[in-house]
**Student:** 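Here it is: the structure, laid out below.
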Amino acid sequence: MALLLAGSLLITACSASDGGSGTTRDLSSGKRNGQESTGGGQPAPDAAAPERGRQSGENGASAAPDVKAPDYLSTFALDVDTASYGYARRTLGDGSLPNAEDVRPEEFVNSFRQGYERPKGPGFSVNVDGARIDTGKDGKSAKGGGTGASDWSLLRVGLATEAAPSTAERPPAALTFVVDISGSMAETGRLDLVRKSLNILTDELRDDDSIALVTFSDEAETRLPMTRVKGNRNRIKDAVEEMRPAQSTNVEAGITLGYEKSVDGHREGATNRVVLLSDALANTGDTEAESILKKIDSARREYGITLFGVGVGSDYGDAFMEKLTNKGDGNTTYVGDEEQARKVFVDQLPAHLEIQARDAKAQVAFDRKTVQQFRLIGYENRKVADEDFRDDSVDGGEVGPGHTVTALYAVRLREGASGTVAKATVRWLDPKTRKAQEKTGTVTTGAIDGPLWSGEHDRLQVAAVAAYFADHLRHGDLPGAPGLGELASRASALAETTEDSAVRKLATAIGQADRLEGGAGPDDGAESSEGEIG
């Protein structure tokens with residue numbers, strides 16, 4: 001009995017250890033995260049048919065499980081959020097390292113201009129490029145150990161929509177602002193910053209735009225019904241200035257009333273959007289994002305109302321806000337000071353009000369003849385099952401004009417490989433006709449063979465610095481990761497060559513993180529063993 005019990009415990013332990021948390025896929029074994037591939041999606045380029053396991057034995061012996069075809073596909077919903085990076089900068093500026101669970105690498109990367117060629121008209125351009133991950137400045141093998149980082153390349157999939165229309169050319173907007181006035185919003189940099197932001201926006205909106213204002217604490221209240229801006233700017237500003245901190249944070253009540261007012265003031269031919277401004281620290285009423293959105297689901301679907309989240313405050317419910325906007329057909333950003341507020345409410349929101357693509361998804365198919373391993377950097381919260389790529393009932397991401405979306409992959413090529421590396425396809429629904437459309441781009445080995453750090457890929461290097469920085473903050477193990485000191489130095493140099501103040505702020509944030517860690521770079525670690533393509 002003791003031996004049987006020990007054997008049972010051993011089997012249980014082995015089973016429990018199979019499921020890793022990483023995302024590298026090994027195309028040799030057909031395994032993903034220690035489990036069998038999910039398959040689905042499009043046929044693999046030159047993919048072999050799945051091998052069959054043994055049939056049942058003569059005496060009813062159990063058959064070995066079928067061995068599925070290797071999982072060479074990567075599928076995810078597009079994401080233009082940037083809140084994770086903005087909140088990390090605020091946290092570092094306040095003298096603390098951000099929580100690892102609040103760091104989403106794709107939002108760090110998507111916070112920077114990429115310089116992609118834009119399409120001439122609706123839809124997306126698909127840009128795919130990359131570079132070989134070379135060693136660090138000291139010439140030593142970078143983090144990732146083993147056979148060295150030079151075995152890996154960084155692949156960039158860049159999607160871009162056409163440039164945003166001018167203020168005069170865009171459709172009119174009907175905006176319902178839902179403002180958190182709970183007690184926690186009394187802190188400097190919260191409700192006072194929201195007031196400044198809304199006053200700035202009121203001056204920027206056109207005469208034919210409309211605004212409604214709802215506030216919430218323990219209950220929700222309509223401060224201003226849907227009102228045309230023309231002739232009412234002072235009335236709108238008065239309503240904004242009258243907002244004062246109150247008690248609890250009942251996000252459910254605020255969003256529910258906000259959507260009711262948006263439906264009441266719905267305008268055909270206009271962009272109808274609910275804008276939530278909050279520290280997202282819900283503590284009263286329903287505090288679950290999905291159940292809150294179920295209450296306004298019919299209004300969201302029938303009227304096409306989208307949700308834009310603006311986070312504020314040093315203590316911020318980032319995960320809660322992200323869930324709300326992801327499920328609410330919208331996106332989120334973070335505002336930490338008046339400069340960021342002006343960027344969001346003057347430079348971004350008025351131009352990007354219109355939705356260019358609904359339920360947008362991307363699928364990257366790697367060629368097994370050239371690629372041995374690949375890892376998508378980030379997008380854990382936006383993963384889509386491969387077989388759901390062309391299922392238009394499955395939720396994707398909403399993208400406006402003038403947006404870019406970047407996905408970075410760490411890719412290990414086969415020795416001596418030559419030819420196609422990957423094909424990237426973006427699929428989306430036209431916001432007016434709901435007709436599905438697709439666009440595809442490919443990349444070959446020759447296009448990703450140049451050195452990353454010594455090449456002339458300024459914008460790719462900025463994306464790499466942002467991704468490596470995020471990976472370090474969440475204790476990741478990306479191949480070729482430089483230390484924080486080197487990342488800060490590279491960001492400073494890139495700020496000079498790109499003449500981009502945003503990159504200068506990135507260098508500052510990395511330097512702050514390095515000092516908070518006592519100047520220590522990432523620990524050397526064993527190379528991730530997740531995934532190989534067969």
**Student:** Do side-chain atoms of R233 reach the backbone of L205 as a donor and acceptor pair under 3.5 angstrom?
**Tutor:**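 Yes, the answer is positive, given that a donor and an acceptor are paired below the 3.5 Å cut-off.
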
**Student:** Is the shortest side-chain heavy-atom distance between V263 and E302 below 4.5 Å?
**Tutor:**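 No, every pair of side-chain atoms sits at 4.5 Å or beyond.
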
**Student:** Is the ring centre of Y85 less than 6.0 Å from the ring centre of F112?
**Tutor:**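 Between F112 and Y85, which both carry aromatic rings, the centre distance is below 6.0 Å.
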
**Student:** Side-chain donor-acceptor pair under 3.5 Å between E398 and H403, yes or no?
**Tutor:**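 Side chains of E398 and H403: no pair found under 3.5 Å.
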
**Student:** T82 and T333: side-chain donor and acceptor closer than 3.5 Å?
**Tutor:**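 A donor-acceptor contact under 3.5 Å links the two side chains.
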
**Student:** Taking only residues two or more places apart in sequence, or in another chain, which ones meet D337 in a side-chain hydrogen bond (donor to acceptor under 3.5 Å, both in side chains)?
**Tutor:**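 Partners of D337 by the side-chain hydrogen bond (donor to acceptor under 3.5 Å, both in side chains) criterion come out as none, since no residue qualifies.
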
**Student:** Checking the side chain of S248 only, and the main-chain atoms of D218 only, is there a donor and an acceptor separated by less than 3.5 Å?
**Tutor:**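 Not a single qualifying donor-acceptor pair exists.
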
**Student:** Please enumerate all residues that pass salt bridge (charged side-chain N to carboxylate O under 4.0 Å, His left out) together with D180, with sequence neighbours excluded.
**Tutor:**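 Salt bridge (charged side-chain N to carboxylate O under 4.0 Å, His left out) check on D180 returns nothing, list empty.
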
**Student:** Flag the pair V394 / K361 as yes when at least one side-chain heavy-atom distance between them is below 4.5 Å, and no otherwise.
**Tutor:**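 Result yes, sub-4.5 Å side-chain heavy-atom pair found.
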
**Student:** Does L97 form a side-chain contact (heavy atoms from CB on, under 4.5 Å) with T91? I'd like the steps, not just the answer.
**Tutor:** CA-CA 6 Å; L97 291 168; T91 303; over 6 Å; no

**Student:** Working to the nearest 0.5 angstrom, can you tell me the gap between Q363 CD and S74 OG?
**Tutor:**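 If we round to the nearest 0.5 Å, Q363:CD and S74:OG are 8.5 Å apart.
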
**Student:** Under a 3.5 Å cutoff, is there a donor and acceptor pairing between the side chains of T440 and T425?
**Tutor:**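 Distance-only check passes for T440 and T425.
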
**Student:** Does D238 have any side-chain contact (heavy atoms from CB on, under 4.5 Å) partners at least two apart in sequence or in another chain, and if so, which?
**Tutor:**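 By the side-chain contact (heavy atoms from CB on, under 4.5 Å) rule, D238 matches no residue at all.
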
**Student:** Are T215 and F177 side-chain neighbours, meaning at least one heavy-atom pair lies under 4.5 Å?
**Tutor:**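 Sidechains of F177 and T215: no contact.
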
**Student:** Kindly write out the residues that satisfy side-chain contact (heavy atoms from CB on, under 4.5 Å) with E252, not counting sequence neighbours, or none if the list is empty.
**Tutor:**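 E252 satisfies side-chain contact (heavy atoms from CB on, under 4.5 Å) with N250, T256, D286, I292, K295 only.
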
**Student:** Please report the C-alpha distance between V465 and L506 in whole Å, then the side-chain angles of each, then the deciding distance to 0.1 Å, and finally whether the side-chain contact (heavy atoms from CB on, under 4.5 Å) criterion is met.
**Tutor:** CA-CA 9 Å; V465 169; L506 173 62; 3.9 Å; yes

**Student:** Answer whether the closest heavy-atom distance between the side chains of W428 and R358 falls below 4.5 Å.
**Tutor:**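 Heavy-atom side-chain distance check fails, nothing below 4.5 Å.
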
**Student:** Check side-chain hydrogen bond (donor to acceptor under 3.5 Å, both in side chains) between Y259 and all other residues, then give those that pass, not counting sequence neighbours.
**Tutor:**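 Once residues adjacent in sequence are excluded, Y259 has no partner under the side-chain hydrogen bond (donor to acceptor under 3.5 Å, both in side chains) criterion.
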
**Student:** Sub-3.5 Å donor-acceptor pair from the side chain of N110 to the main-chain atoms of E106, do we have one?
**Tutor:**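 Yes, N110 side chain to E106 backbone: donor-acceptor pair under 3.5 Å.
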
**Student:** Just to verify, what does S314 make a side-chain hydrogen bond (donor to acceptor under 3.5 Å, both in side chains) with, not counting sequence neighbours?
**Tutor:**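 If we apply the side-chain hydrogen bond (donor to acceptor under 3.5 Å, both in side chains) test to S314, skipping adjacent residues, the hits are E187.
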
**Student:** Check this for me: E241, atom CD, are more than 12 non-hydrogen atoms of other residues, nucleotides or ligands nearer than 6.0 Å?
**Tutor:**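 Yes, because the 6.0 Å sphere around CD of E241 holds more than 12 heavy atoms from other groups.
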
**Student:** Check whether the side chains of N331 and T325 place a donor and an acceptor atom closer than 3.5 Å, and report yes or no.
**Tutor:**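 Side-chain D/A pair, N331 to T325: absent.
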
**Student:** Residues in salt bridge (charged side-chain N to carboxylate O under 4.0 Å, His left out) with R267, at least two apart?
**Tutor:**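 Counting only residues at least two positions away or on another chain, R267 forms no salt bridge (charged side-chain N to carboxylate O under 4.0 Å, His left out).
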
**Student:** Please find the pair of heavy atoms, one from D279 and one from D315, that lie closest to each other, and give the distance.
**Tutor:**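 That would be CB-O, 3.8 Å.
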
**Student:** Could you check D264 against S262 for side-chain hydrogen bond (donor to acceptor under 3.5 Å, both in side chains), going step by step and ending with a plain yes or no?
**Tutor:** CA-CA 5 Å; D264 291 344; S262 185; over 6 Å; no

**Student:** Would you mind reporting whether M243 and L213 have side-chain heavy atoms less than 4.5 Å apart?
**Tutor:**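 SC-SC contact between L213 and M243 confirmed.
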
**Student:** With sequence neighbours left out, write down each residue that passes side-chain hydrogen bond (donor to acceptor under 3.5 Å, both in side chains) with R113, or none if nothing qualifies.
**Tutor:**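 R113: side-chain hydrogen bond (donor to acceptor under 3.5 Å, both in side chains) contacts with D500.
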
**Student:** Return yes if a side-chain donor-acceptor contact under 3.5 Å exists between Q247 and E219, otherwise no.
**Tutor:**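 No, E219 and Q247 have no side-chain donor paired with an acceptor closer than 3.5 Å.
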
**Student:** To the nearest 0.5 Å, what is the distance between OH (Y87) and CD (E322)?
**Tutor:**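 Answer rounded to 0.5 Å: 14.0 Å.
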
**Student:** With sequence neighbours excluded, what pairs up with K237 under the side-chain contact (heavy atoms from CB on, under 4.5 Å) test?
**Tutor:**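 For K237, the residues satisfying side-chain contact (heavy atoms from CB on, under 4.5 Å) (neighbours in sequence not counted) are N199, T202, D203.
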
**Student:** Give a yes or no on this: more than 12 heavy atoms of other residues, nucleotides or ligands lie within 6.0 Å of atom CZ of R342.
**Tutor:**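 Not more than 12 within 6.0 Å, no.
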
**Student:** Which residue pairs pass the side chain to side chain donor-acceptor pair (under 3.5 Å) test when at least one of the two sits in residues 92-103, sequence neighbours left out?
**Tutor:**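 Found R90-D94.
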
**Student:** Any idea how F366 and Y409 line up, ring-wise: parallel (<30°), tilted (30 to 60°), or perpendicular (>60°)?
**Tutor:**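 Rings of F366 and Y409: perpendicular, over 60°.
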
**Student:** Do P172 and R206 come within less than 4.5 Å of each other through their side chains, counting heavy atoms only?
**Tutor:**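 Yes. Closest side-chain heavy atoms under 4.5 Å.
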
**Student:** Can you see which heavy atom on V312 is nearest to which on G189, and at what distance?
**Tutor:**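 Looking at all heavy atoms of both residues, the closest pair is CB-O, 4.1 Å.
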
**Student:** A83: what forms a side-chain contact (heavy atoms from CB on, under 4.5 Å) with it, not counting sequence neighbours?
**Tutor:**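 A83: side-chain contact (heavy atoms from CB on, under 4.5 Å) contacts with E107, Y316, D318, T332, Y334.
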
**Student:** Once you round to the nearest 0.5 Å, how far does CD of Q512 lie from CD of E517?
**Tutor:**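 Those atoms lie 12.5 Å apart.
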
**Student:** Is any NZ, NE, NH1 or NH2 atom of the basic residue among E380 and R382 found under 4.0 Å from an Asp or Glu carboxylate oxygen of the other?
**Tutor:**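 A salt bridge is absent here (no side-chain N lies under 4.0 Å from a carboxylate O).
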
**Student:** Which heavy atom of R118 sits nearest to which heavy atom of T161, and what is that distance?
**Tutor:**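 That closest heavy-atom pairing would be NH1-O, 2.6 Å.
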
**Student:** Sequence neighbours left out, what pairs pass salt bridge (Lys or Arg N to Asp or Glu O under 4.0 Å) with at least one residue falling in residues 74-85?
**Tutor:**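 Sorted pair list comes back empty.
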
**Student:** Could you check whether any side-chain N or O of D471 sits under 3.5 Å from a backbone N or O of L478, counting only pairs where one atom can act as donor and the other as acceptor?
**Tutor:**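 Here the side-chain-to-backbone pair exists.
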
**Student:** Any side-chain heavy-atom pair from T271 and R170 closer than 4.5 angstrom?
**Tutor:**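 Contact flag for T271/R170 side chains = no.
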
**Student:** Between D208 and R228, is there a salt bridge with N-O shorter than 4.0 Å?
**Tutor:**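 Answer for the salt bridge query: no.
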
**Student:** Has the side chain of N272 got a donor or acceptor atom that lies under 3.5 Å from a matching backbone atom of A270?
**Tutor:**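 Yes; at least one donor-acceptor contact below 3.5 Å.
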
**Student:** Checking the side chain of R427 only, and the main-chain atoms of A360 only, is there a donor and an acceptor separated by less than 3.5 Å?
**Tutor:**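 The answer is no, because no donor-acceptor pair under 3.5 Å joins these two groups.
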
**Student:** Are the side chains of D209 and L175 in touch, meaning some heavy atoms are under 4.5 Å apart?
**Tutor:**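 D209 does not reach L175 side chain to side chain.
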
**Student:** Would you find a donor on one side and an acceptor on the other, under 3.5 Å apart, between the side chain of N232 and the backbone of R235?
**Tutor:**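 No, N232 side chain to R235 backbone: no donor-acceptor pair under 3.5 Å.
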
**Student:** With rounding to the nearest 0.5 Å, note down the distance linking CZ in R390 to CD in E387.
**Tutor:**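 Between atom CZ of R390 and atom CD of E387 there are 13.0 Å.
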
